[in-house]
Amino acid sequence: MTRDTSVFTPDSALQRLLTGRKLLDAEVCRKVTREELNAHIDAGFVQVSPAFERNAAGKRICGRCGNEEARLFGSYPCAHCGKECPYCRACIMMGRVSECAQFVGWIPESVYQPRTVLLAWEGTLTAAQAQAARKLAAQVERLASGAGGGEFLVWAVCGAGKTEMLFQAVREALASGFPVMIATPRTDVVLELAPRFAAAFPDTVTAALYGGADERFPQAELVICTTHQAMRYRRHFPVCIIDEVDAFPFSADEKLTHAVSEAATADALTVYVTATPPRDMQQAAASGRLPHIRIPRRYHGHDLPVPTLCWAGDWHKRLRARGRVPPPLLRWLRTQLAAGRPVFLFLPRVALLDDAAAALVRALAADLPSPDAFDHVHAADPGRTDKVARFRSGAIRLLLTTTILERGVTVPGVQVAVLGAEDAIFTESALVQIAGRAGRNPADPAGDVIFFHHGRTAEMACAVRHIKAMNAETVEMNTHLD
Ligand SMILES: [Zn+2]
Ligand SMILES: [Zn+2]
């Protein structure tokens, strides 16, 4: 890239306007002249790329979302090019990308500016956490020295204190002037992480991007976003941290994988953080192809609670036909509520929530401090954010939910139960994650986890074995830096 900063001073207003990946549309053209834009392109500060590209077979690929399925392209009479112009339907919710359009974006490498970064977090790391944090920071230093990034896996149990382990590496990256992206498949996790990072890095511009957030193209140094929102960027982040890499829908959706890899610069460092890596990643780590660090212990050094399995009979029929929940579940819930412990109760399907909620309200009216202390929530629930916040604050004591909240939500002292653990939706990975919700408070590490079922499954047995194995291990390091 030819760039001579001694004779060309980039325009900071233009930089703000063009941070991220923008369509070169009328709005942009109103704010910048073609001459200005060309001067910045020639000087290596701005890149322009076509809306669609062609793959080796000549098939059209959307430059934003990576869609290449012909049925997901429509066409319309375009006022801009005057033709019947193809557009991408797969990412239409982010605005229409049509064939005659172009993307324009600031090239972030052009303005990496080393600076002093304030890290205001004052907690202490355990020995295992500190070691992981150092290894990760070393990867960033390596990147900053020009040695390239590559992939790195942080394989840490739920409750190992993953966020705190990332702080040092994030500071290292920001200090080199690198913008950092932390992407996760779930909005809940964005909402939980964003305030923690904002508090830890008070002099860093951070942005939380998720569906429904109103920030548009923020020129943030630290972006915490859903994997969907990564589409807003192109070749922008030299450091990408992907949290809960195995979580649905991320692993299932190639479009999102594409979005994340597009948002990264060509030689970026990509860090995967997860408690339950997908099998191919586990194999790559075991064979040494994927540098990684494994942290089986939780940050307070206590074991993960091992789930208890409890036979609940044909709970489904009982619920549907008689509007009742199984007696063992009811007894367990009463014990927890009497002890003042918050409870997460997971069900396999949204369709069961209303029936189960009605049955529980009837049965537990006398055990709940108030009717507001009980609620239920699912993925498409418009009140979801608010309910999760009330559960965290302790206003809700018993929260009935589907798997959407299984990851990333931290509630001190919470007890966890699954009703219908035999359902196919509860894979080993999902059950391990659910169990990991419990016992996250160092003052009260002995969280109770109980799987109520109508028939023991292999996945349930694997989840129990997985947790026992994690508890039995000591900290193992394997970084294969060369
Ligand atoms: Zn698209
Ligand atoms: Zn057109």
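Computed over heavy atoms, backbone and side chain alike; hydrogens, waters and symmetry mates excluded.
- If you run side-chain contact (heavy atoms from CB on, under 4.5 Å) between Ile450 and each of Val416, Thr308, Leu345, only Thr308 comes through.
- Taking Arg322 as the reference, nothing meets the salt bridge (charged side-chain N to carboxylate O under 4.0 Å, His left out) condition, with sequence neighbours excluded.
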Inset, instruction - Evaluate the criterion side-chain hydrogen bond (donor to acceptor under 3.5 Å, both in side chains) for residue pair Gln131 and Arg134; output intermediate values, then yes/no. - result: CA-CA 5 Å; Gln131 196 170 359; Arg134 272 196 305 275; 5.4 Å; no

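- Counting all heavy atoms, side chain and backbone alike, Ala132 lies closest to Met165 at CB-SD, 3.5 Å.
- Taking both residues in full, the closest heavy atoms of Ile467 and Pro305 are given as CG2-O, 3.7 Å, listed atom of the first, atom of the second, then distance.
- When all heavy atoms are compared, the tightest approach of Asn67 to Cys88 is ND2-SG, 3.5 Å.
- Rounding to the nearest 0.5 angstrom, the gap separating the CG atom in Leu118 from the OG1 atom in Thr204 is 8.0 Å.
- Atoms CZ and CG, from Phe201 and Leu119 in turn, are 4.5 Å apart once rounded to the nearest 0.5 Å.
- For the ring-ring contact (aromatic ring centres under 6.0 Å, His included) test, residues two or more places apart in sequence or in another chain that qualify with Phe197 are Phe167.
- Salt bridge present: Glu192 and Arg392 bring a charged side-chain N and a carboxylate O closer than 4.0 Å.
- A donor-acceptor contact closer than 3.5 angstrom is absent between the side chains of Arg384 and Thr401.
- In this structure, Arg89 does not pair ionically with Glu69, as no charged nitrogen and carboxylate oxygen lie closer than 4.0 Å.
- Taking each heavy atom of Ile61 and Gly66 in turn, the nearest pair found is CG2-O, 3.8 Å.
- Residue pairs satisfying the side chain to side chain donor-acceptor pair (under 3.5 Å) criterion with at least one member in residues 363-376, sequence neighbours excluded, are listed as follows: Arg334-Asp367, Asp354-His376, Asp375-Arg390.
- The aromatic rings of Trp311 and His453 stand perpendicular to each other, their planes meeting at an angle above 60°, with 30° marking the opposite boundary.
- Put simply, the side chain of Leu333 reaches to within 4.5 Å of the side chain of Leu329, judged on heavy atoms.
- Without hydrogens or angle criteria, Glu459 side chain to Thr427 main chain gives no donor-acceptor distance under 3.5 Å.
- We find that Arg341 and Asp448 are not joined by a salt bridge, their nearest charged nitrogen and carboxylate oxygen being 4.0 Å or further apart.
- Listed by chain and number, the residues in a side-chain contact (heavy atoms from CB on, under 4.5 Å) with Pro369 are Ala373, Arg397 (sequence neighbours excluded).
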What side-chain donor-acceptor pairs closer than 3.5 Å can you find for residues 169-184, not counting sequence neighbours?
from   : atom 1 : to     : atom 2 : distance (Å)
Ser176 : OG     : Glu172 : O      : 3.3
Thr184 : OG1    : Arg186 : N      : 3.2

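- Glu141 is linked by a salt bridge (charged side-chain N to carboxylate O under 4.0 Å, His left out) to nothing, counting only residues two or more places apart in sequence or in another chain.
- Checked against salt bridge (charged side-chain N to carboxylate O under 4.0 Å, His left out), Arg362 has no partners two or more places apart in sequence or in another chain.
- The backbone N or O of Phe426 lies less than 3.5 Å from no partner atom in the side chain of Asp423, so there is not a single donor-acceptor pair.
- Salt-bridge formation is detected for the pair Arg235/Glu262: a Lys NZ or Arg NE/NH1/NH2 atom is positioned less than 4.0 Å from an Asp or Glu carboxylate oxygen.
- When only modelled atom types and interatomic distance are considered, Tyr272 and Glu151 share a side-chain donor-acceptor pair under 3.5 Å.
- One distance of note links CG of Leu337 with CG of Leu398; it measures 6.0 Å at 0.5 Å rounding.
- Side chains of Gln168 and Trp121: no donor on one and acceptor on the other come within 3.5 Å.
- At distances below 3.5 Å, at least one donor-acceptor pair connects side-chain atoms of Gln282 with backbone N or O atoms of Pro277.
- For the atom pair Leu209 CG and Thr227 OG1, the distance stands at 12.0 Å (nearest 0.5 Å).
- A tilted orientation is assigned to the rings of Phe344 and Phe391, their planes being inclined by 30° to 60°.
- Of the candidates Leu368, Leu330, Asp355, Leu360 forms a side-chain contact (heavy atoms from CB on, under 4.5 Å) with just one, namely Leu330.
- For CZ of Arg456, the number of neighbouring non-hydrogen atoms (other residues, nucleotides, ligands) closer than 6.0 Å is 12 at most.
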Inset, instruction - Evaluate side-chain contact (heavy atoms from CB on, under 4.5 Å) for Glu164 paired with Gln129, printing each intermediate quantity in order. - result: CA-CA 8 Å; Glu164 294 77 15; Gln129 278 180 310; 4.2 Å; yes

Inset, instruction - Walk me through it: do Leu269 and Val271 pass the test side-chain contact (heavy atoms from CB on, under 4.5 Å)? - result: CA-CA 6 Å; Leu269 168 65; Val271 179; 3.9 Å; yes

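- For the pair Glu53/Lys59, no side-chain contact is recorded, criterion being any heavy-atom separation below 4.5 Å from C-beta on.
- His316 is listed as a side-chain neighbour of Asp314, based on a closest heavy-atom distance under 4.5 Å.
- Atom CG of Leu431 is separated from atom CE of Met460 by 7.5 Å, given to the nearest 0.5 angstrom.
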Legend entry - Candidate pair Ile242 and Val260, rule side-chain contact (heavy atoms from CB on, under 4.5 Å), full reasoning: CA-CA 9 Å; Ile242 320 295; Val260 170; 3.2 Å; yes

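- No donor-acceptor distance shorter than 3.5 angstrom exists from the side chain of Arg234 to the backbone of Ala264, with no hydrogens or angles considered.
- The distance from atom CE of Met94 to atom SG of Cys91, rounded to the nearest 0.5 Å, is 7.5 Å.
- Listed by chain and residue number, Arg142, Ser145 satisfy the side-chain contact (heavy atoms from CB on, under 4.5 Å) test with Ala147 (two or more places apart in sequence, or in another chain).
- Residues Ala359 and Val325 approach most closely at CB-CG1, 4.0 Å, considering heavy atoms.
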Legend entry - Criterion side-chain contact (heavy atoms from CB on, under 4.5 Å) on Leu347 and Leu400, from CA distance to verdict: CA-CA 7 Å; Leu347 292 175; Leu400 207 59; 4.1 Å; yes

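- His292 contributes a side-chain N or O that, together with a main-chain N or O of Leu290, makes up a donor-acceptor pair within less than 3.5 Å.
- With sequence neighbours left out, Asp267 forms a side-chain contact (heavy atoms from CB on, under 4.5 Å) with Thr265.
- Remark: Phe237 pairs with Tyr233 by the ring-ring contact (aromatic ring centres under 6.0 Å, His included) rule, at least two apart or across chains.
- Identified under the ring pair (Phe, Tyr, Trp, His ring centres under 6.0 Å) test for residues 347-370, with sequence neighbours left out: none.
- Applying the salt bridge (charged side-chain N to carboxylate O under 4.0 Å, His left out) test to Arg318 and every residue at least two apart in sequence or in another chain returns nothing.
- Asp381 places a side-chain heavy atom less than 4.5 Å from the side chain of Lys387.
- The minimum heavy-atom distance linking Arg349 with Thr402 is given by the pair C-CG2, 3.6 Å.
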